[in-house]
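Take a look at the structure below.
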Amino acid sequence: NWFWSYFGNLAGSLAVAYFLFHKSELISGETQDYLFAMAASKTAMGMWQTYFLRGIGCNFLVCMSLWCASVADDVTSKIVAIWWPIMAFVAIGFEHSVANMFFLLLALMEGYDLTVGEFIARNLIPVTLGNIVGGLAFIVVQYLIYHPYIPHEVTLMTLRQGGRHRPFSSISHREAKIESTDCESD
């Protein structure tokens, strides 16, 4: 459920920022200057469209990393599949709503001149909407277009041929044998 996931991440971001960074006094000097500069760059006025587009790019890469990891067979492959897209979004400077929850709320706790309302209006709303569009439009919709044979009633499935797990894209409709662990129909 998106509601619980989103607000659970918010609660986790607040807890980590407050207890592990703010209360432990880890942020000072150059670290505080860097945090405040980051907060300034993420909350500039008139950048709503920019943050929205950066959110799209970010969640495209995040969802791509999860999709790549889901089709990998071993732990090492899963780690590599997750690592590169995530490092790409960080290096490029794309925006992720949950990461911003942590960094911007920590900046507020450390005394950065920004209100919670400004944080929500200037960054969290456009980035969250961009993350939703990036994940849905470029991953979920494309997946449904290219893999329409997977029934929507099956929520947890394993596609197998000969007992070996294979990526969905390498299994044709005739080859697929769907074993469901949760087949509740609507």
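Numbers here are sequence positions counted from 1. Because only heavy atoms are used, hydrogens play no part in the values below, and waters and symmetry mates are left out as well, while side chains stay in.
Between K78 and A72, the closest heavy-atom pair is NZ-O, 3.1 Å. The two residues L124 and M101 have their closest heavy-atom pair at CD1-CG, 4.0 Å. Looking at every heavy atom in both residues, I120 comes nearest to P126 through O-CD, 4.3 Å.
Hydrophobic clustering (ILVMFWY, side-chain heavy atoms < 4.5 Å, transitive): Y51 and L108 are in distinct clusters. V133 is connected to I92 through a chain of hydrophobic side-chain contacts under 4.5 Å among Ile, Leu, Val, Met, Phe, Trp and Tyr, so both are in one cluster. M64 and L53 end up in the same hydrophobic cluster when Ile, Leu, Val, Met, Phe, Trp and Tyr side chains are linked at under 4.5 Å. A chain of hydrophobic side-chain contacts below 4.5 Å, direct or via other Ile, Leu, Val, Met, Phe, Trp or Tyr residues, connects F89 to V80. A continuous path of ILVMFWY side-chain contacts below 4.5 Å connects L61 to L129, so both sit in one hydrophobic cluster.
Side-chain contact between L106 and F102: present, with at least one pair of heavy atoms (C-beta onward) separated by less than 4.5 Å. No side-chain heavy atom of F52 sits less than 4.5 Å from a side-chain heavy atom of I125. Side chains of L26 and T31 form no contact here, defined as non-hydrogen atoms less than 4.5 Å apart.
Panel note: side chain N59, backbone N131; a donor-acceptor pair is recorded below 3.5 Å.
Identified under the salt bridge (Lys or Arg N to Asp or Glu O under 4.0 Å) test for residues 88-111, with sequence neighbours left out: K42-E95, R54-E95. Within the structure, the salt bridge (Lys or Arg N to Asp or Glu O under 4.0 Å) test picks out the following pairs touching residues 117-135 (sequence neighbours left out): E118-R122.
Distance check: I82 CD1 to S77 OG gives 11.0 Å after rounding to the nearest 0.5 Å. Between the CE atom of M109 and the CG atom of L35 there is a distance of 10.5 Å, given to the nearest 0.5 Å. Rounding to the nearest 0.5 Å places CD of E30 at 12.0 Å from CD of Q32. Atoms CH2 and SG, on W84 and C68 in that order, are 13.5 Å from each other to the nearest 0.5 Å. If you take OG on S41 and CG on N123, they are separated by 9.0 Å, rounding to the nearest 0.5 Å.
With respect to Y112, the ring pair (Phe, Tyr, Trp, His ring centres under 6.0 Å) criterion is satisfied by exactly one of F103, Y34, F119, F36: F36.
Residues that satisfy the side-chain contact (heavy atoms from CB on, under 4.5 Å) test with F138, not counting sequence neighbours, are I56, F60. Residues passing the side chain to side chain donor-acceptor pair (under 3.5 Å) test with T43: none are found, sequence neighbours excluded. Listed by chain and residue number, H22 satisfy the ring-ring contact (aromatic ring centres under 6.0 Å, His included) test with Y18 (two or more places apart in sequence, or in another chain).
Summarising the local packing, CG of D113 is surrounded by 12 or fewer heavy atoms from other residues, nucleotides or ligands at distances under 6.0 Å.
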Quick one: side chains of residues 2-17, donor-acceptor pairs under 3.5 Å with protein atoms, not counting sequence neighbours, listed by atom name and distance.
from : atom 1 : to   : atom 2 : distance (Å)
Y6   : OH     : T128 : OG1    : 2.8
N9   : ND2    : S5   : O      : 2.8
S13  : OG     : N9   : O      : 2.8

